[in-house]
Amino acid sequence: MTKIKVLNVSLTTLFMLFVFQAHSAYSKESHAPERTEYFAPYAGKAIKVDGIADESIWQSAKWQNLDQRWLGPEFSKEDFQGRYKVVWSKSKLYILTEIVDDILIDTHRDPLTQYWDDDTLEIFLDEDFSGGDHQYNHNAFAYHMSLDNQAIDIGTNKLAQSYSHHVESRWLQQGNKLFWELGIEIYQDNYQDVLQGKDDNNKAIELFAGKVMGLMVAYCDNDGSELRENFIGSESAAGKSPDRGWKDAGMFGKLILSK
Ligand SMILES: [Ca+2]
Ligand SMILES: [Ca+2]
Ligand SMILES: [Ca+2]
Ligand SMILES: [Ca+2]
């Protein structure tokens, strides 16, 4: 009896130790727990970025919701709904976003001014799924897509820059929905911002099956206020500053390029 009891205790202790170690190993990892895992199918044929999802490969990709309220009050289904799909080719990552937004607004006509306070689709991309800080570096890109299809992010000079040449972007309205199609070239963390008059020596990488990247999608919804009313994303954000993914790539989900 005593022996069995001793055995029970040690098994329990071992299990607890295992759970504790597994937990502490996880907390040391580069990403917040419970990230989305998204498997993007391979698009053998080219995708026409035109806001029309009539390429058959889109049927094979699953929808992922934008339903995490990071900033602002509760909102209705008429106010905002969003979801996205991802497919890939060797040269680009393609994202299709379906959005319901009752009022479309682009108050700040200068794309580099307060761009997050207009209706903005945000695509966060971490080429190597490293996680970590990406505020003033290119460990990850946070493309703020404006309604006029420009892609803006903060550069290494700590100022807003246009990266519109990285992202092909078109959207169309269909009924009460907006379909936004994007074709994005992928750059690594050694990307050099191109100063005016200098050559652009950056090369987009080629994608391959099995590659793992960090991805998060979000929408800034403004319907007429001075500042954006809501910031809604694809990833959960427990704790303080739920919008902290704008500088912390550890909040991004995991994107797997499948065959
Ligand atoms: Ca298309
Ligand atoms: Ca709205
Ligand atoms: Ca990175
Ligand atoms: Ca809006």
Side-chain angles (χ1 to χ4, degrees), residues 22-23 25-47 49 53 55-68 70 82-98 121-134 138-143 145 151 153 163 166-169 179-191 203-219 232-238 244-259:
H23 181 74
Y26 197 76
S27 63
K28 274 183 213 157
E29 282 184 7
S30 50
H31 289 76
E34 293 166 28
R35 298 302 86 193
T36 298
E37 264 198 4
Y38 189 98
F39 292 87
Y42 175 66
K45 291 180 193 163
I47 302 261
V49 177
E55 294 84 2
S56 59
I57 189 66
W58 285 125
Q59 302 298 323
S60 312
K62 82 171 179 69
W63 285 114
Q64 186 71 40
N65 286 332
L66 298 188
D67 56 4
Q68 303 294 312
W70 294 338
R83 54 183 189 165
Y84 71 89
K85 284 181 172 187
V86 188
V87 303
W88 65 282
S89 73
K90 280 181 184 156
S91 58
K92 282 182 185 181
L93 196 71
Y94 294 93
I95 299 180
L96 172 70
T97 313
E98 183 197 277
L121 175 64
E122 289 198 38
I123 309 292
F124 298 85
L125 275 171
D126 176 5
E127 180 271 330
D128 56 357
F129 195 59
S130 60
D133 171 71
H134 71 90
H138 296 308
N139 172 29
F141 286 88
Y143 296 119
M145 303 307 306
D153 188 19
Y163 297 95
H166 296 188
V167 188
E168 220 183 326
S169 165
F179 290 90
W180 204 323
E181 212 172 17
L182 303 161
I184 309 171
E185 291 182 337
I186 303 300
Y187 292 91
Q188 293 180 303
D189 53 12
N190 59 2
Y191 184 89
K203 286 213 163 44
I205 61 159
E206 199 166 279
L207 302 177
F208 55 88
K211 183 171 176 62
V212 175
M213 301 171 65
L215 171 70
M216 186 165 72
V217 179
Y219 192 77
I232 304 130
S234 59
E235 298 297 321
S236 63
R244 63 192 180 277
W246 77 275
K247 47 186 179 183
D248 178 4
M251 303 304 287
F252 298 9
K254 189 177 190 176
L255 170 70
I256 302 114
L257 307 185
S258 32
K259 285 192 175 172

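Values in this document were obtained by computation on a predicted structure and should not be read as measured data. This chain uses plain numbering: 1 for the first residue, then up along the sequence.
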Do [X] and [Y] come close enough that some side-chain heavy atom pair is under 4.5 Å?
X	Y	value
Tyr84	Leu182	no
Met145	Thr97	no
Val86	Val217	no
Phe208	Leu257	no
Met213	Leu125	yes
Leu215	Thr36	no
His134	Asp126	no
Gln68	Trp70	yes

Inset, instruction - Using a strict cut-off of less than 4.0 Å between a Lys/Arg side-chain nitrogen and an Asp/Glu carboxylate oxygen, indicate whether Arg83 and Glu98 qualify as a salt bridge. - result: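 A salt bridge links Arg83 with Glu98.
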Listed partners of [X] passing side chain to side chain donor-acceptor pair (under 3.5 Å), at least two apart:
X	answer
Ser60	none
Ser169	Asn149, Trp180
Tyr143	His166
Asp128	Ser130

Legend entry - Stepwise ring-ring contact (aromatic ring centres under 6.0 Å, His included) check, Tyr187 with Tyr163: CA-CA 11 Å; Tyr187 292 91; Tyr163 297 95; 8.9 Å; no
Legend entry - Pairing residues for Tyr42 by the ring pair (Phe, Tyr, Trp, His ring centres under 6.0 Å) criterion, not counting sequence neighbours: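 Only Trp88 meet the ring pair (Phe, Tyr, Trp, His ring centres under 6.0 Å) criterion with Tyr42.
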Inset, instruction - Kindly write out the residues that satisfy ring pair (Phe, Tyr, Trp, His ring centres under 6.0 Å) with Trp58, not counting sequence neighbours, or none if the list is empty. - result: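 So Trp58 forms no ring pair (Phe, Tyr, Trp, His ring centres under 6.0 Å) with any residue.
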Who pairs with [X] by salt bridge (Lys or Arg N to Asp or Glu O under 4.0 Å), at least two apart in sequence or on another chain?
X	answer
Glu55	none
Glu168	Lys92
Glu122	none
Lys85	none

Legend entry - Evaluation steps, side chain to side chain contact (heavy atoms under 4.5 Å, CB included), between Glu181 and Phe179: CA-CA 6 Å; Glu181 212 172 17; Phe179 290 90; over 6 Å; no
Legend entry - Residues forming a side-chain contact (heavy atoms from CB on, under 4.5 Å) with Ser91, sequence neighbours excluded: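 For Ser91, the residues satisfying side-chain contact (heavy atoms from CB on, under 4.5 Å) (neighbours in sequence not counted) are Ser89.
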Inset, instruction - Might you work through the side chain to side chain contact (heavy atoms under 4.5 Å, CB included) test for Ser236 and Arg35, ending with a clear yes or no? - result: CA-CA 8 Å; Ser236 63; Arg35 298 302 86 193; 3.1 Å; yes
Inset, instruction - Sorted by first residue and then second, give each side chain to side chain donor-acceptor pair (under 3.5 Å) pair with at least one member in residues 247-259; sequence neighbours left out. - result: none
